[in-house]
Every structure is written in C-alpha cells, then in structure tokens.
Student: 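The structure follows.
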Amino acid sequence: MAITERRIMKIKFDKWDEMLSIERDFQKLEEDLGISSKKRWLRTTAGPLGYSNLIWERDWSDVGESEQAYARMSETPQMAKLLERTIECVTEMHNEYYKIVEV
C-alpha cells in the first residue's frame, strides 16, 4: 500500500537557516545510503498551523520501505548528530501518514 509521510515541524524564529542546513545534511545522508524516496519541503504561509512551520513530504511504496530506510539511517553516527541539531531548532514536531488513493 503506497503511503505519503508528512513531517510538520514548528521552527524557532531564529533557527530557519540552521534547520535548512540540517535538512540538506539529511538529504546527503539519505543519498549516501541509497534511500530513493525524495522529500518535498514546504513552508506555511497561511492557515491554522501559523507561519513558522517547515513541512516535508515523501512517498513510500509501503510502511515497510520507510521502516527499513529509517533503520539504516539510525545505524549511522551522523543520524544521532542530526537529530540533536534538529531538537535545538524545533519547538514541536509530528508525523502524519496517508494512504495514497487512486481516483
């Protein structure tokens, strides 16, 4: 079952540049590990989430593919460092998962 994963992060106002740098480092790590699901980044400009949110989305063929990718990432020393840096930049963070529907 194909899914879309969405991560929503409320970024501290003075941490935007750092957070974008972290996302570039995550992207490099994922490329080095051969993770083929590419992210698409969004920043809220209007709506109930407010203005300081960074959102990324990516598609997976199924939940197992995402679990395997994150397991591979968690085995690297870079992952722990990136997570520590991320925690310094965000005040809230959560993931949502959606089943892709054909119409």
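Here the structure is a predicted model, which means the values were calculated and not measured.
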Student: Please tell me if the side chains of Met19 and Ile22 come closer than 4.5 Å, counting only heavy atoms from C-beta onward.
Tutor: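 A side-chain contact exists here, since the closest heavy-atom pair is under 4.5 Å.
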Student: Has Asp14 got more than 12 heavy atoms of other residues, nucleotides or ligands less than 6.0 Å from its CG?
Tutor: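 Count over threshold, so yes.
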Student: To the closest 0.5 Å, what do you measure between CH2 (Trp56) and CD (Gln27)?
Tutor: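 Output value for this atom pair is 12.0 Å.
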Student: Hey, is the main chain of Glu57 close enough, under 3.5 Å, to the side chain of Arg40 for a donor-acceptor pair?
Tutor: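 No: the side chain of Arg40 does not pair with the backbone of Glu57.
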Student: Apply the side chain to side chain contact (heavy atoms under 4.5 Å, CB included) test between Leu54 and each candidate in Met93, Glu23, Lys15; give the one that qualifies.
Tutor: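 It is Glu23; the other options fail the test.
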Student: Is the closest side-chain heavy-atom distance between Trp60 and Ile35 below 4.5 Å?
Tutor: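 In short, these two side chains touch, coming nearer than 4.5 Å.
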Student: Give a yes or no answer on whether the side chain of Arg43 reaches the backbone of Ile55 with a donor-acceptor pair at less than 3.5 Å.
Tutor: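 No; judged by distance alone, with no hydrogens or angles, the pair does not exist.
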Student: Side-chain polar contacts of residues 73-87 - donor-acceptor pairs under 3.5 angstrom, sequence neighbours left out - could you list them?
Tutor:
from	atom 1	to	atom 2	distance (Å)
Ser74	OG	Tyr70	O	3.4
Ser74	OG	Ala71	O	2.8
Thr76	OG1	Met73	O	2.7
Thr76	OG1	Met79	N	3.4
Arg85	NE	Glu18	OE2	3.0
Arg85	NH1	Asp25	OD2	2.8
Arg85	NH2	Glu18	OE2	3.1
Thr86	OG1	Leu82	O	2.8

Student: Under a plain distance cut-off of 3.5 Å, with no hydrogens placed, do Glu96 and His94 share a side-chain donor-acceptor pair?
Tutor: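 Side-chain D/A pair, His94 to Glu96: present.
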Student: Let me check something: do Tyr98 and Val63 share a hydrophobic cluster, defined by ILVMFWY side-chain heavy atoms less than 4.5 Å apart, either directly or through other members?
Tutor: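 No.
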Student: Quick one: does Lys39's side chain get under 4.5 Å of Glu30's, heavy atoms only?
Tutor: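 A side-chain contact exists here, since the closest heavy-atom pair is under 4.5 Å.
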Student: Around Lys28, counting heavy atoms of other residues, nucleotides and ligands shown, do more than 12 lie under 6.0 Å from its NZ?
Tutor: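 No - once you tally the heavy atoms of other residues, nucleotides and ligands closer than 6.0 Å, there are 12 at most.
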Student: Report the distance from atom OG1 of Thr4 to atom CG of Asp59, rounding to the nearest 0.5 Å.
Tutor: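 Those atoms lie 3.5 Å apart.
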Student: Kindly indicate, with the supporting measurements, whether the criterion side-chain contact (heavy atoms from CB on, under 4.5 Å) is fulfilled by Thr91 and Lys12.
Tutor: CA-CA 7 Å; Thr91 59; Lys12 296 176 184 175; 3.7 Å; yes
Student: Side-chain contact, heavy-atom cut-off 4.5 Å: Arg6 with Asn95?
Tutor: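 No - every pair of side-chain heavy atoms lies 4.5 Å or more apart.
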Student: Could you please spell out the steps behind the salt bridge (charged side-chain N to carboxylate O under 4.0 Å, His left out) verdict for Glu65 and Arg58?
Tutor: CA-CA 12 Å; Glu65 181 187 18; Arg58 67 184 340 157; over 6 Å; no
Student: Decide whether Leu42 and Leu20 are clustered together by the hydrophobic rule: side chain heavy atoms of Ile, Leu, Val, Met, Phe, Trp, Tyr closer than 4.5 Å, transitively.
Tutor: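 Different clusters: Leu42 never reaches Leu20 through Ile, Leu, Val, Met, Phe, Trp or Tyr contacts under 4.5 Å.
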Student: Please tabulate, for side-chain N and O atoms in residues 44-52, each donor-acceptor pair with protein atoms closer than 3.5 Å (sequence neighbours left out).
Tutor:
from	atom 1	to	atom 2	distance (Å)
Thr44	OG1	Gly50	O	2.6
Ser52	OG	Lys10	NZ	3.4

